[in-house]
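In listed order, ligands and their atoms are each counted from 1.
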Amino acid sequence: MHKPQLLTILGATGSIGVSTLDVVARHPDRYRVLALTAHGQLDRLVEQCIVHRPRYAVLAEPARLPELASRLAAAGCGEIETLAGIEALEYVACLPEVDAVMAAIVGAAGMRPTLAAARAGKRILLANKETLVMAGQLFMDAARDGGATLLPIDSEHNAIYQCLPQPFSDAAEQGVRRILLTASGGPFRRFSQAELATVTPAQAVKHPNWSMGRKISVDSASLMNKGLEVIEARWLFDLAPERIKVVVHPQSVIHSMVEYVDGSVLAQLGNPDMRTPIAYGLAWPERIEAGVAPLDLFDIAQLNFEAPDLDRFPCLALAFEALQLGGAAPAVLNAANEVAVDAFLAGELDFVGIARVNAATLRGLARDFDAASLESLTAADAAARQMARSLLRLAV
Ligand code: NDP
């Protein structure tokens with residue numbers, strides 16, 4: 001019999017947060033929720049509190065804190081402590097009694113609490129890829145110094161983790177030639193340049209295989225998500241960019257592969273359902289049931305592979321460029337992309353404009369900041385947002 005693990009779920013109301021709570025609810029003997037955090041979806045947070053009875057319910061911003069407290073009291077959950085603000089997010093990520101932190105806030109907003117969990121030596125289930133994109137070296141150093149355990153939740157990195165030798169320390173020494181990061185190609189894989197210019201937000205958020213939040217869905221459609229994942233893999237597995245190869249695989253059945261020097265290629269397969277990597281992260285090194293249907297290979301019948309088209313999807317090339325530029329360049333690219341995706345979702349920028357804003361911001365600012373401190377990275381992030389917004393006003 002296990003002592004239940006106590007969990008903080010950052011970004012509980014999002015797509016990953018909801019899937020995490022689904023897996024947790026299947027194993028009440030193994031997991032207890034200590035803290036849930038949300039941003040705008042108060043109704044959902046209250047519902048989750050009623051079901052999971054955490055000790056803390058946290059909002060990212062204080063404006064609706066009184067409303068949260070009174071709604072919880074009215075629902076018979078008055079014993080739940082309500083908190084708000086970035087310090088509160090950091091606080092619940094570091095509580096001494098917390099065993100594991102699911103880092104599932106979207107975007108740069110997730111960086112500080114995830115970093116706090118790393119410094120506190122937590123077991124971190126890392127979905128928020130932006131932390132690694134923005135502050136890769138800093139975050140990996142903090143995790144090492146704090147004694148944190150990192151379990152990748154992004155399905156590709158989770159697959160790679162499963163296919164690497166354990167414990168993994170050095171690609172060259174352990175015979176890893178490269179990793180093959182699979183990409184579905186998104187909903188516009190076959191679209192021409194002219195067709196891409198006219199796609200709508202509604203089309204972009206409709207991923208063919210995965211059900212995800214809006215921002216990552218747009219990133220998947222532009223292949224920026226794959227670019228962010230390349231940067232994530234570079235830091236997570238300490239790999240030079242030339243050891244990371246992106247392979248378009250439209251069925252999303254192989255979640256990624258590791259190629260060894262003896263010619264072996266190990267792959268992790270499964271249905272495209274985030275509950276698999278989430279369950280893996282929760283239970284590692286054990287395995288638990290995740291509610292995911294078994295993979296039916298006869299039904300799938302065929303697996304296809306193709307090279308990514310960097311002319312139609314330049315965001316992927318921008319990620320390699322950012323890695324080559326080094327310093328705060330990935331943070332600049334990430335911030336520009338967050339602004340551009342918001343503008344696209346608000347109908348203020350066309351789809352192909354995302355890559356234009358990203359490229360112009362990256363090339364304009366990449367060399368102005370280093371990645372040595374959180375202050376410098378935060379300044380790079382702010383400057384990139386400002387530049388991207390001014391590019392939007394000029395309609396790039
Ligand atoms: P969602 O948009 O569905 O959810 C994001 C979560 O973050 C919500 O709980 C949201 O609160 C909260 N949030 C939003 N803005 C802020 C803010 N400023 N401060 C604090 N919290 C905030 O995103 P996903 O679940 O899709 O993605 C979460 C992370 O996981 C991302 O980094 C994504 O790249 C990564 N990921 C997601 C995958 C997926 O399948 N969805 C796959 C692999 C990685 P609220 O909803 O209350 O506004």
Looking at every heavy atom in both Ala108 and Arg385, which two are closest together, and how far apart are they? CB-NH2, 3.4 Å
Lys215 and Asp219: which non-hydrogen atoms are nearest, and at how many Å? NZ-OD2, 2.8 Å
Taking a 3.5 Å cut-off between nitrogen or oxygen atoms, can you list every pair linking ligand 1 to the protein, with distances?
from     : atom 1 : to     : atom 2 : distance (Å)
ligand 1 : 3 (O)  : Ser15  : N      : 2.8
ligand 1 : 7 (O)  : Val106 : N      : 3.3
ligand 1 : 9 (O)  : Gly11  : O      : 3.2
ligand 1 : 9 (O)  : Thr13  : N      : 3.4
ligand 1 : 9 (O)  : Thr13  : OG1    : 2.8
ligand 1 : 9 (O)  : Gly14  : N      : 3.1
ligand 1 : 11 (O) : Thr13  : OG1    : 3.3
ligand 1 : 11 (O) : His39  : N      : 3.1
ligand 1 : 25 (O) : Ser15  : N      : 3.1
ligand 1 : 25 (O) : Ile16  : N      : 2.9
ligand 1 : 26 (O) : Gly213 : N      : 3.0
ligand 1 : 30 (O) : Ala127 : O      : 3.4
ligand 1 : 32 (O) : Glu130 : OE1    : 2.7
ligand 1 : 41 (N) : Ser15  : OG     : 3.3
ligand 1 : 46 (O) : Thr13  : OG1    : 3.1
ligand 1 : 46 (O) : Gln41  : NE2    : 2.9
ligand 1 : 47 (O) : Thr13  : OG1    : 2.7
ligand 1 : 47 (O) : His39  : N      : 2.9
ligand 1 : 47 (O) : Gly40  : N      : 3.1
ligand 1 : 47 (O) : Gln41  : N      : 2.8
ligand 1 : 48 (O) : Gly40  : N      : 2.8

May I ask you to test the Leu282-Leu7 pair for a side-chain heavy-atom distance under 4.5 Å?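 Side chain of Leu282 against side chain of Leu7, heavy atoms only: contact under 4.5 Å found.
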Do His157 and Glu229 have side chains that get closer than 4.5 Å, going by heavy atoms?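 Yes, their side chains come closer than 4.5 Å.
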Atom pairs and distances, side-chain donor-acceptor, residues 314-332, under 3.5 Å, sequence neighbours left out:
from   : atom 1 : to     : atom 2 : distance (Å)
Glu321 : OE1    : Arg363 : NH2    : 2.8
Glu321 : OE2    : Arg363 : NE     : 2.8

Main-chain N/O of Gln251 paired to Asn304 side chain as donor or acceptor, under 3.5 Å: no
